[in-house]
Protein chains: 2
Amino acid sequence: MTDVARNRRPGPRLEEVARAAGVSRSTVSRVINEEPYVSAKARDAVHQAILDLGYSPNQAARTLAGNRANAIALVVSEQGSRVLSDPFFAGVLRGVHAELSGRRVQLVLMMTQQDDEQDIVGYLAGGHVDGVLMVSLHGQDPLPLKLADAGVPIVVGGRPLVGDGIQYVDSDNFNGALEAARYLVATGRRRIATIAGPKDMAVGMDRLNGWRRGMAEAGQPSDLVAHSTVFTPDGGAAAMEDLLSREPELDAVFVAADIMAMGALRVLHAQNRRIPRDVAVVGFDDLMIASTALPPLTTVRQDVEQLGRTMTWCLLGQLDGEEGLPPSLLLPTSLVIRASA
Amino acid sequence: MTDVARNRRPGPRLEEVARAAGVSRSTVSRVINEEPYVSAKARDAVHQAILDLGYSPNQAARTLAGNRANAIALVVSEQGSRVLSDPFFAGVLRGVHAELSGRRVQLVLMMTQQDDEQDIVGYLAGGHVDGVLMVSLHGQDPLPLKLADAGVPIVVGGRPLVGDGIQYVDSDNFNGALEAARYLVATGRRRIATIAGPKDMAVGMDRLNGWRRGMAEAGQPSDLVAHSTVFTPDGGAAAMEDLLSREPELDAVFVAADIMAMGALRVLHAQNRRIPRDVAVVGFDDLMIASTALPPLTTVRQDVEQLGRTMTWCLLGQLDGEEGLPPSLLLPTSLVIRASA
DNA sequence: CTGAAAGCGCTTACAG
DNA sequence: CTGAAAGCGCTTACAG
């Protein structure tokens, strides 16, 4: 292991602050932890001493004595480290950080590998963090359940496919897709297809089911479904080709992710279909690339940063023992109408 | 503050492991820390006990007793939280994580706000982490220097403009730009412009100076410089318009960032310049968008993940007190030739 | 509202 | 190679 060098901290200790303020260590501790029942006089003296001495409490000692880590982990369950470039992850991270700012809670970032899941559970259950935020890319991940079983407070981003009691926050993928489907129907489309995501991810299934519901409502067939196993432009392109060969007359496609929509647009262009005149295209996510696409993509926006924020306050709420927290939360989406549909 | 709930860890302690293995706590500690001078017999007994009991050491206690945090911080100095979506940051993070994996060192992510710099220095100098990795987006940031002064081991990603003794790792921006300039000269371009980055960022100046050197070598003028204050498509577009109005006859442009090159391409297309026939375009970074641009962008690739990895082993080396570490490091770039030049 | 004292779970000289 | 004991810097009942 890395034998991290000794790191002598020369700063003042609680003891010195107490002496400078003319109070006991207990009182200094109370002031630092913003506990009630400290006289204004004592509080002021302590604050002044802290300022004068440039005191910064030792977190390890606080954790050890207080049995509380003042840190939460953001665990990214990944099958390759490319997740980090994913706009979804970046957005969540932004939200988590925003929600944490101003609170004295540190964020520890962990990425799971295939092999070290045992270690991870041990570490996270070992009290090194107070709770866990997890974004699970494949819905079947057993980690959330294991952690919950081990008594670790956890909130998952994106509906997990396994684990009933686990609190999660997700975008309302079903209703987002339903709204997209209704919009296509309302604008006169009569042969509407969909490019769906992987079947083992809740996000994929929820969006597909929303679209299906929309078709059913309108009395339209819902046979034109092509699944892509990956959220990539190429996956979208292959699915689009498949759909076109099965039904050359299709006049609309709901693509369950903007990134796949890029591939679908490419194929439609290559086959000289005019967008939206011949084929209307609606995406999902509202990534940056949606607005710069040709033509600019009509899409269902999800607020990923809000997802991160919501996950964070849910977890902090759990930790604070707040009452009346919802078991899970669905965040609204909104249809952003541009030129492609 | 967030009063993070008590988190009773029910797991076994060192004490129990020692009892189960029939040795003293000291010996267990030595085994865990992989110290020499432990008999094979004792070692095996301890390992077995750890396994049987599912023991996971308490980090806070280790940190407190050992005066070592077993954690490093990745500090992102930001003026707005959009950094997180930046491919540069994502790449660095990926590299840091890759290099850390397998070592028992945690990564704590921190983002600085304008107002809390005092706190940050206090925290980081307070022994909560053993060292700091920092990606500083504006070169003038005083934080690296303050941390170094406070005795905190630090490695900066991207050459800082202030602070002499600070170890940094950067891509070789100067030589990358020089290679781009030479390529344009070699392919017969006679009126070569550049879109440079902000003057207060080392990355901007280094790439500009590399281009200048290339012009000087070829005996070509280096007057066609347009600075953009931001690395955005719009910034690149404005600079391109400026250049075109100053010199309608220009036949090449080296753009100091792919993201700005997108804007430059847009303007060139709008003015009906054929690329590369009328105007050759070379970018820098080799982002994803470079290969999907129209036409695919010839660009200087920098390996951002490698940057993150290198920063990390430099820091770990510092912490381990390794000898012969380079004061700073420049990573090679490479010209990726596509269709735009 | 305040202080003395015990204790959190480890590491590390020290002595053997 | 091993163990007994001190100590890391806090928090928290407990008693006042």
Side-chain angles (χ1 to χ4, degrees), chain A residues 1 3-19 21-46 50 53 55-71 104 122-123 126-128 130, chain B residues 1 3-19 21-46 50 53 55-71 104 122-123 126-128 130:
Chain A
M1 77 172 276
D3 197 9
V4 171
R6 281 309 182 67
N7 183 4
R8 300 236 156 270
R9 277 166 290 95
R13 300 292 112 90
L14 231 208
E15 180 76 53
E16 281 104 276
V17 175
R19 206 179 311 137
V23 298
S24 73
R25 284 156 53 204
S26 312
T27 297
V28 176
S29 177
R30 289 187 189 105
V31 172
I32 290 171
N33 293 298
E34 295 175 15
E35 288 173 16
Y37 303 119
V38 180
S39 67
K41 183 158 166 285
R43 192 186 339 267
D44 292 348
V46 170
I50 288 176
L53 276 58
Y55 172 70
S56 169
N58 179 309
Q59 291 302 330
R62 299 186 79 187
T63 300
L64 183 57
N67 208 20
R68 164 191 314 160
N70 296 305
R104 300 184 202 167
Y123 181 88
H128 310 122
D130 299 310
Chain B
M1 73 175 279
D3 198 9
V4 171
R6 279 310 180 69
N7 183 6
R8 300 237 156 269
R9 278 166 289 95
R13 298 294 112 89
L14 231 208
E15 180 77 51
E16 281 104 274
V17 175
R19 206 180 308 137
V23 298
S24 73
R25 285 156 51 204
S26 311
T27 297
V28 176
S29 177
R30 290 188 188 103
V31 172
I32 290 171
N33 292 298
E34 295 175 16
E35 286 172 17
Y37 304 121
V38 180
S39 66
K41 183 158 166 286
R43 197 192 330 273
D44 291 348
V46 170
I50 288 175
L53 276 58
Y55 172 70
S56 169
N58 179 310
Q59 291 303 329
R62 300 185 79 187
T63 300
L64 184 56
N67 210 19
R68 166 191 314 158
N70 295 307
R104 299 184 204 166
Y123 182 87
H128 309 123
D130 300 310

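Values below: all heavy atoms of this structure, side chains included; hydrogens, waters and symmetry mates excluded. Chain naming here is simple, since letters A, B, ... match the order of the sequence lines and numbering starts at 1 in each.
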Engineer: Among C/dG7, C/dG3, D/dG3, find the nucleotide with the atom closest to the side chain of A/Ala65.
Structural biologist: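 From the listed options, C/dG7 comes nearest.
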Engineer: Given atom CD of B/Glu15 and atom P of C/dG7, what is their separation to the nearest angstrom?
Structural biologist: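 From B/Glu15 CD to C/dG7 P: 14 Å.
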Engineer: Looking for any heavy atom pair under 4.0 Å, which part of the strands does A/Ser26 touch: base, sugar-phosphate only, or nothing?
Structural biologist: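 Base: the residue A/Ser26, judged by heavy atoms under 4.0 Å, touches a nucleobase.
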Engineer: Paired with C/dC1 by Watson-Crick or G-U wobble geometry, both distances under 3.5 Å: which nucleotide is it?
Structural biologist: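 Pair assignment: C/dC1 / D/dG16.
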Engineer: Tell me which of A/Ala61 and B/Val23 sits closer to the 5' end of DNA chain D, going by the nucleotide each one is nearest to.
Structural biologist: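 Going by which nucleotide is closer to the 5' end, it is B/Val23.
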Engineer: Taking C-beta and beyond as the side chain, do A/Arg62 and A/Asn33 meet within less than 4.5 Å on heavy atoms?
Structural biologist: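 SC-SC contact between A/Arg62 and A/Asn33 confirmed.
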Engineer: For the base of C/dT12, is there a side-chain donor-acceptor partner from B/Ser29 under 3.5 Å away?
Structural biologist: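 Checked by distance alone, the answer is no.
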Engineer: At what distance, to the nearest 0.5 angstrom, does OG of B/Ser56 lie from CZ of B/Arg13?
Structural biologist: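 If we round to the nearest 0.5 Å, B/Ser56:OG and B/Arg13:CZ are 9.5 Å apart.
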Engineer: Between A/Leu64 (CG) and C/dC8 (C1'), how many Å, whole number?
Structural biologist: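 Distance, rounded to whole Å: 4 Å.
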Engineer: Please check the phosphate of D/dT11 (OP1 and OP2 only) for any side-chain N or O of A/Asn33 closer than 4.0 Å.
Structural biologist: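 Answer yes for this pair, as a side-chain N or O of A/Asn33 is under 4.0 Å from OP1 or OP2.
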Engineer: For A/Lys41 and C/dC1, give me the distance from atom NZ to atom C1', rounded to whole Å.
Structural biologist: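 Roughly 12 Å, once rounded to whole Å.
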Engineer: Do the non-hydrogen side-chain atoms of A/Leu14 and A/Ile32 ever get within less than 4.5 Å of each other?
Structural biologist: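 Answer yes - side chains close enough.
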Engineer: Give the nucleotide from the list D/dT2, D/dC10, D/dA13 with an atom nearest to the side chain of A/Arg30.
Structural biologist: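 Output: D/dA13.
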Engineer: Would you compute the distance between atom OG of B/Ser24 and atom CZ of B/Arg19 and round it to the nearest 0.5 angstrom?
Structural biologist: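 That separation rounds to 13.0 Å.
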Engineer: Base, sugar-phosphate or nothing for B/Ala42? Non-hydrogen atoms, less than 4.0 Å.
Structural biologist: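 Result for B/Ala42 = sugar-phosphate.
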Engineer: With rounding to the closest Å, how many angstrom separate the C1' atoms on C/dG16 and C/dT12?
Structural biologist: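 Per the computed distance, 16 Å lies between those C1' atoms.
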Engineer: In whole angstrom, give the distance that lies between atom CZ of B/Arg13 and atom P of C/dC8.
Structural biologist: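 About 9 Å, once rounded to whole Å.
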Engineer: Take atom CG of B/Leu14 and atom C1' of D/dG3, then tell me their distance rounded to the nearest Å.
Structural biologist: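 It works out to 13 Å between those atoms.
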Engineer: Among C/dT2, D/dT12, D/dT11, which nucleotide sits nearest the side chain of A/Val38?
Structural biologist: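 So the side chain of A/Val38 is nearest to C/dT2.
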Engineer: Which whole-number value in Å describes the distance from B/Asn70 CG to C/dG9 P?
Structural biologist: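 After rounding, the gap between these two atoms is 18 Å.
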Engineer: Choosing from D/dG3, D/dC1, C/dT2, which nucleotide comes nearest the side chain of A/Tyr37?
Structural biologist: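 The answer is C/dT2.
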Engineer: Just how far, in rounded Å, is P of C/dC8 from CZ of B/Arg25?
Structural biologist: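 Result: 11 Å.
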Engineer: Is there a donor on the side chain of B/Ser39 or the base of D/dT2 sitting less than 3.5 Å from an acceptor on the other?
Structural biologist: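 Flag unset: no donor-acceptor pair detected.
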Engineer: Report yes if a side-chain nitrogen or oxygen of B/Tyr55 is closer than 4.0 Å to either non-bridging phosphate oxygen (OP1 or OP2) of C/dC10; otherwise report no.
Structural biologist: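 It does, given that an N or O in the side chain of B/Tyr55 lies less than 4.0 Å from OP1 or OP2 of C/dC10.
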Engineer: For the atom pair CD (B/Glu35) and CZ (B/Arg43), what is the distance rounded to the nearest 0.5 Å?
Structural biologist: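 Reported value, rounded in 0.5 Å steps: 10.5 Å.
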Engineer: Nearest whole angstrom, please: distance from the P of D/dT12 to the CD1 of A/Ile32.
Structural biologist: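 Atom-to-atom, A/Ile32 to D/dT12, this comes out as 12 Å.
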Engineer: Could you tell me whether the side chain of B/Arg30 reaches within less than 4.5 Å of the side chain of B/Thr27, counting heavy atoms only?
Structural biologist: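 Of all side-chain heavy-atom pairs linking B/Arg30 with B/Thr27, at least one is under 4.5 Å.
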Engineer: B/Ser24 side chain: which of C/dT11, C/dT12, D/dG3 is closest?
Structural biologist: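 Nearest nucleotide to the side chain: D/dG3.
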Engineer: P atom, C/dC14 versus C/dC10: distance in rounded Å?
Structural biologist: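 Going atom to atom, P in each nucleotide, I get 24 Å.
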Engineer: Please state whether the phosphate of D/dT12, meaning OP1 or OP2, lies under 4.0 angstrom from any side-chain nitrogen or oxygen of A/Arg68.
Structural biologist: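 So the side chain of A/Arg68 is within the cut-off, an N or O lying under 4.0 Å from OP1 or OP2 of D/dT12.
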